[in-house]
2 protein chains.
Amino acid sequence: MKALVIEDNEEIADCIQQSLQHMNITSDHFPLGKLGLSAADVSQYNLLILDLNLPDMDGLSVLERFKKIQPDTPVLIVSARITVEARVKGLDLGADDYLIKPFQLAELEARVRALFRRTANERCTQIKFGHLAFNQNTKEYWLKDQPLELTPRERSVLELLLRKNGRVMSKKSIADHIFNFDDEADISSIEIYIHRLRKKLSKCNVAITTKRGLGYLLTQT
Amino acid sequence: MKALVIEDNEEIADCIQQSLQHMNITSDHFPLGKLGLSAADVSQYNLLILDLNLPDMDGLSVLERFKKIQPDTPVLIVSARITVEARVKGLDLGADDYLIKPFQLAELEARVRALFRRTANERCTQIKFGHLAFNQNTKEYWLKDQPLELTPRERSVLELLLRKNGRVMSKKSIADHIFNFDDEADISSIEIYIHRLRKKLSKCNVAITTKRGLGYLLTQT
DNA sequence: ACTCAACTTTCAGTTACCTTTCAATTACAA
DNA sequence: TTGTAATTGAAAGGTAACTGAAAGTTGAGT
């Protein structure tokens with residue numbers, strides 16, 4: 001974790017850097033907008049803490065240019081006086097949060113934690129098996145980089161097999177999972193789904209293998 | 001887009017809801033923490049606007065419980081007096097922003113926009129998809145260089161699909177987003193909006209594709 | 001070689017989605 | 001207020017995709 005601090009007041013900058021260090025975040029500090037931006041050109045940061053009142057440039061322009069270089073890095077603006085207009089403009093330019101001076105270090109830390117929690121919040125929902133990828137949220141399947149078109153039943157069966165991660169699954173237990181109580185389909189329908197899935201999977205390195213008398217499992221060829 | 005507003009002052013709540021509607025955000029309003037939380041149990045929201053001073057519960061407890069139900073939904077706290085301790089605690093509980101009463105509606109809107117930009121990962125106000133462009137601030141749509149005239153419902157649906165950026169969205173979740181509590185339209189209305197949108201999009205390289213059993217998504221032809 | 005589980009194909013019934021119509025509602029202008 | 005236009009969504013009928021029973025074929029294990 002590394003933060004960029006652009007702030008002309010040395011004393012405040014020191015406090016901020018100390019606070020960051022306390023959270024185990026490394027930081028670079030520059031007292032001028034231009035210096036900060038050229039640092040952003042050469043290294044990647046996880047956070048920008050920006051003072052809007054800089055001696056050399058308008059803070060909002062610094063923000064704008066920074067966002068062009070590192071659009072996904074969250075930005076926390078720290079300033080003494082911010083007009084409503086500047087706040088609106090800043091938020092629209094991509095600032096993520098504001099802190100009005102003077103502030104307590106506890107609040108700075110809480111805001112930084114909140115920023116990171118938000119950005120880190122993208123949990124992985126993909127299951128992969130060979131060339132096959134499955135997104136648990138959208139229930140979409142991909143083969144290499146092609147979307148794989150499946151019917152609802154096929155999706156359910158394949159999801160079960162993927163979840164089992166290469167272990168055998170009996171027809172009975174597949175049926176138990178994909179049929180609900182009032183559905184009263186024959187167990188043999190499972191064979192049909194497997195057949196249709198195999199056809200669709202035939203062009204890749206993932207196959208459904210039969211363990212006679214036991215069930216099916218996913219294998220890589 | 002759908003917001004939950006928990007605020008006991010009817011007048012302020014009205015203003016907020018009006019403001020949200022102006023941004024084409026559907027909202028449910030409840031004057032008590034308990035009511036709001038039970039709503040959160042049953043429907044998914046994209047935003048919580050929470051007053052800390054509620055007659056029935058401590059606002060921070062409402063926040064805490066809400067975050068357990070919908071951890072990824074951003075929260076904007078609106079309150080008259082907030083101690084530094086409460087701010088820090090709120091941020092640690094997962095609040096994303098604060099607004100001190102009294103506030104200007106312009107600032108509320110800017111903050112809401114900023115929150116959405118963050119969660120939707122979108123740093124600029126324009127979303128583009130093929131020939132289709134959408135301005136998040138003005139809610140205007142353009143096809144190539146022609147403005148695209150849509151009805152409010154159509155705008156909401158298309159905005160959702162755009163925000164999903166080419167990923168599938170089920171009819172159910174589309175309905176959850178664009179209808180509020182007391183609206184009780186049938187889920188099949190979604191099919192009609194899709195149909196009307198398709199007609200209006202027919203002259204360009206953007207299409208709404210059906211994933212049978214899953215939902216709809218935007219594609220480029 | 002025999003047996004039976006598994007494979008494959010066919011096809012009618014079902015379901016999900018599409019499309020049009022139209023009455024009710026809402027928004028808005030006069 | 002009244003009149004007019006736009007928007008909305010329920011109803012109904014159509015279409016194409018999905019489903020799974022039936023029946024015949026294949027092939028692994030004994």
Side-chain angles (χ1 to χ4, degrees), chain A residues 138-141 147-161 168-202 207-219, chain B residues 2 17-18 21-22 24 26 139-141 147-161 168-202 207-219:
Chain A
T138 65
K139 307 286 177 195
E140 286 172 301
Y141 289 87
L148 176 65
E149 307 290 349
L150 298 180
T151 72
R153 288 291 198 224
E154 289 161 3
R155 276 196 291 269
S156 306
V157 172
L158 188 52
E159 180 174 354
L160 268 177
L161 292 174
V168 184
M169 184 118 219
S170 73
K171 268 191 292 201
K172 178 71 174 58
S173 61
I174 294 176
D176 286 347
H177 274 91
I178 71 173
F179 295 131
N180 52 28
F181 288 123
D182 33 288
D183 258 343
E184 42 183 286
D186 197 89
I187 250 191
S188 66
S189 335
I190 304 300
E191 295 169 6
I192 305 177
Y193 309 147
I194 294 288
H195 176 235
R196 291 176 182 151
L197 274 172
R198 280 176 171 153
K199 220 186 281 182
K200 292 185 180 178
L201 288 172
S202 63
I208 299 173
T209 304
T210 304
K211 290 283 169 198
R212 205 179 164 82
L214 292 177
Y216 301 100
L217 70 138
L218 278 185
T219 49
Chain B
K2 195 167 175 188
Q17 286 199 285
Q18 229 171 303
Q21 183 146 26
H22 183 242
N24 205 21
T26 332
K139 305 287 174 193
E140 285 171 308
Y141 290 88
L148 176 64
E149 304 292 347
L150 298 180
T151 71
R153 289 291 198 222
E154 289 162 2
R155 272 198 294 273
S156 302
V157 173
L158 189 52
E159 180 175 353
L160 264 178
L161 292 175
V168 184
M169 184 116 223
S170 74
K171 268 192 295 203
K172 179 72 175 54
S173 61
I174 294 175
D176 287 347
H177 274 89
I178 71 174
F179 297 132
N180 62 38
F181 239 41
D182 28 284
D183 260 343
E184 44 183 283
D186 196 88
I187 225 182
S188 65
S189 334
I190 305 301
E191 295 169 9
I192 304 177
Y193 308 147
I194 294 288
H195 177 236
R196 290 176 182 149
L197 275 172
R198 280 177 171 153
K199 222 186 279 183
K200 293 185 180 179
L201 289 173
S202 62
I208 299 172
T209 303
T210 304
K211 291 279 172 197
R212 190 170 241 264
L214 287 180
Y216 300 100
L217 69 135
L218 281 184
T219 49

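Just so you know, these numbers use all the heavy atoms, side chains as well, and skip hydrogens, waters and symmetry mates. A note on names: the letters A, B, ... follow the listed sequences, proteins ahead of strands, and every chain is numbered from 1.
Mapping B:E154 and A:F179 onto DNA chain D by nearest heavy atom places B:E154 closer to the 5' end of the strand. Toward the 5' end of DNA chain D, the nearer of the two residues B:Y193 and A:I187, judged by each one's closest nucleotide, is B:Y193.
Using a 4.5 Å heavy-atom cutoff, the side chains of A:V168 and A:T209 are not in contact. Here the side chains of A:T151 and B:R212 are not in contact, with every heavy-atom distance at 4.5 Å or above. For the pair A:L148 and A:E154, the minimum side-chain heavy-atom distance is 4.5 Å or more. Looking only at side-chain heavy atoms (C-beta outward), B:D176 and B:K2 stay at 4.5 Å or farther from each other. Within the 4.5 Å cutoff, the side chain of A:I208 has no heavy atoms near those of the A:L217 side chain.
Atom pair A:R196:CZ and D:dT19:C1' shows a separation of 7 Å (rounding to whole Å applied). Taking atom CD1 of A:I178 as the reference point, atom P of D:dC18 lies 15 Å away to the nearest angstrom.
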Pick out the pairs of N or O atoms, protein on one side and nucleotides 23-29 of chain C on the other, that lie under 3.5 Å.
none

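At D:dA6, none of the side-chain N or O atoms of B:T151 fall inside 4.0 Å of OP1 or OP2 (strictly under the cut-off).
Nearest nucleotide to the B:P152 side chain, out of D:dT7, C:dT20, D:dC18: D:dT7. Residue B:K199 has its side chain nearest to C:dT20 when only C:dT20, D:dA21, D:dG9 are considered. The nucleotide whose nearest atom lies closest to any side-chain atom of A:S189 is, among C:dT20, D:dA21, D:dT8, D:dA21.
A donor-acceptor contact shorter than 3.5 Å links the side chain of A:Y141 to the backbone of A:E159.
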Writing each nucleotide of DNA chain D 5' to 3' as (, ), [, ], | or . by Watson-Crick or G-U pairing under 3.5 Å yields ||||||||||||||||||||||||||||||
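Note that NZ of A:K139 and OG of A:S156 are 8.5 Å apart. Values are rounded to the nearest 0.5 Å.
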Determine, for nucleotides 13-18 of chain C in 5'-to-3' order, which nucleotides have protein heavy atoms under 4.0 Å from the base (write B), from only the sugar-phosphate (write S), or from neither (write -). --BBBB
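Using a cutoff of 4.0 Å between basic side-chain nitrogens and carboxylate oxygens, A:E149 and B:K211 are scored as salt-bridged.
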